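None of these values were measured; they are calculated from a predicted model.
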Amino acid sequence: MPPHGPIDQERVREFALALPETEEHSHFGRPDLRVKGKIFATLPEDGSSVNLKATPVDLDALVAADPVTFKDVWGGRWVGVDLARVDLDLLQQLIVDAWRLTAPKRLAATMDDRSVMQPTKAAGRDRRSKRK
């Protein structure tokens, strides 16, 4: 287990919802996280993983480095992450990267690394919607 203690989907949800313009919705009955209406993360039913949007290059590098923690899901553009095995700092960076890949360029450009690595509830205003 990583040194920071267990990471669960609620912790993923809390971090992601603190990013600007992020909302929680549902896609095919599963919770997802969106920026400006576009999905950048999904929370699988297993409760112990997250699927994040990624570039093909990043996906390949993650899977090659640790195929137990990272899996290719949905055709080479999404990485599945085992929350019990991933380092918290790396997971937060992967969430931010997924958000940036999905956010409109102007919105993504407003964020610098320091402001997105430690988001606060005030920054994201916890815009959780009812799950469908």
Side-chain angles (χ1 to χ4, degrees):
M1 179 171 19
H4 49 71
I7 301 170
D8 59 15
Q9 287 182 341
E10 190 56 36
R11 200 162 180 187
V12 169
R13 180 183 277 117
E14 181 180 302
F15 181 82
L17 286 169
L19 296 170
E21 306 291 330
T22 297
E23 296 179 330
E24 182 175 350
H25 290 276
S26 179
H27 182 72
F28 292 106
R30 294 186 184 136
D32 67 50
L33 298 155
R34 301 174 188 216
V35 57
K36 292 289 197 174
K38 296 187 179 187
I39 300 171
F40 69 91
T42 66
L43 302 171
E45 291 177 0
D46 65 15
S48 63
S49 64
V50 62
N51 297 323
L52 299 166
K53 191 170 187 179
T55 66
V57 171
D58 288 344
L59 173 63
D60 289 346
L62 289 165
V63 173
D66 186 351
V68 177
T69 302
F70 304 104
K71 305 240 182 280
D72 181 349
V73 293
W74 302 329
R77 290 282 182 176
W78 290 80
V79 61
V81 182
D82 181 339
L83 296 175
R85 297 182 47 85
V86 70
D87 174 76
L88 180 60
D89 291 336
L90 175 57
L91 177 63
Q92 288 178 334
Q93 188 59 54
L94 292 173
I95 293 169
V96 169
D97 289 348
W99 179 89
R100 283 185 174 172
L101 281 171
T102 309
K105 289 181 182 184
R106 283 189 154 173
L107 179 59
T110 65
M111 303 300 294
D112 65 23
D113 286 337
R114 288 166 295 166
S115 63
V116 292
M117 287 309 296
Q118 298 300 325
T120 64
K121 285 288 183 191
R125 293 186 292 272
D126 196 4
R127 298 181 189 153
R128 204 182 288 195
S129 69
K130 292 182 183 177
R131 293 183 203 149
K132 299 175 184 173

**Request:** Apply side-chain contact (heavy atoms from CB on, under 4.5 Å) to Val81 and Leu90, showing your working.
**Result:** CA-CA 11 Å; Val81 182; Leu90 175 57; over 6 Å; no

**Verdict with supporting geometry, Trp74 and Val79, side-chain contact (heavy atoms from CB on, under 4.5 Å)** = CA-CA 8 Å; Trp74 302 329; Val79 61; over 6 Å; no

**Residue pair Glu45, Arg30: steps toward the side-chain contact (heavy atoms from CB on, under 4.5 Å) verdict** = CA-CA 7 Å; Glu45 291 177 0; Arg30 294 186 184 136; 4.2 Å; yes

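Cluster membership check: Ile39 does not share its hydrophobic cluster with Val50, using side-chain heavy-atom separations under 4.5 Å among Ile, Leu, Val, Met, Phe, Trp and Tyr. When the side chains of ILVMFWY residues are joined at heavy-atom separations under 4.5 Å, either directly or via intervening members, Val96 and Leu88 end up in a single hydrophobic cluster. Linking ILVMFWY side-chain heavy atoms closer than 4.5 Å, directly or via other members, places Leu33 and Leu107 in a single hydrophobic cluster. Both Val63 and Leu83 belong to a common hydrophobic cluster when Ile, Leu, Val, Met, Phe, Trp and Tyr are linked at side-chain heavy-atom distances under 4.5 angstrom. One hydrophobic cluster, built from ILVMFWY side chains closer than 4.5 Å, cannot hold both Leu101 and Leu52; they sit in different ones.
The closest side-chain donor-acceptor pair between Asp89 and Gln93, if any, does not fall under 3.5 angstrom.
Every residue meeting the side chain to side chain donor-acceptor pair (under 3.5 Å) condition with Asp58, not counting sequence neighbours, appears here in chain and number order: Thr55. Under the rule for a side chain to side chain donor-acceptor pair (under 3.5 Å), the partners of Thr69 that lie at least two apart in sequence or sit in another chain are Asp66, Arg85.
For residues 43-70, there are no ring-ring contact (aromatic ring centres under 6.0 Å, His included) pairs, not counting sequence neighbours.
Between Thr22 and Leu19, the shortest heavy-atom contact is OG1-O, 3.1 Å. Nearest heavy-atom pair, Ile95 versus Ala16, reported as atom, atom and distance to 0.1 Å: CG2-CB, 4.1 Å. Between Trp78 and Phe40 the shortest heavy-atom distance is CZ3-O, 3.5 Å. Contact between Pro44 and Asn51 at its shortest, heavy atoms only, is CG-ND2, 3.4 Å. Here the shortest heavy-atom pairing between Lys71 and Leu59 reads O-CD1, 4.0 Å.
Under the 4.5 Å side-chain criterion, counting only non-hydrogen atoms from C-beta, Phe15 is not in contact with Leu91. Side-chain contact between Glu24 and Arg13: present, with at least one pair of heavy atoms (C-beta onward) separated by less than 4.5 Å.
Taking the charged nitrogens against the carboxylate oxygens, Arg34 and Asp32 do have a contact shorter than 4.0 Å, which makes a salt bridge. Taking the charged nitrogens against the carboxylate oxygens, Arg11 and Glu14 have no contact shorter than 4.0 Å, which rules out a salt bridge.
Proximity of a side-chain donor or acceptor of Asp46 to a complementary backbone N or O of Ser49 within less than 3.5 Å is detected.
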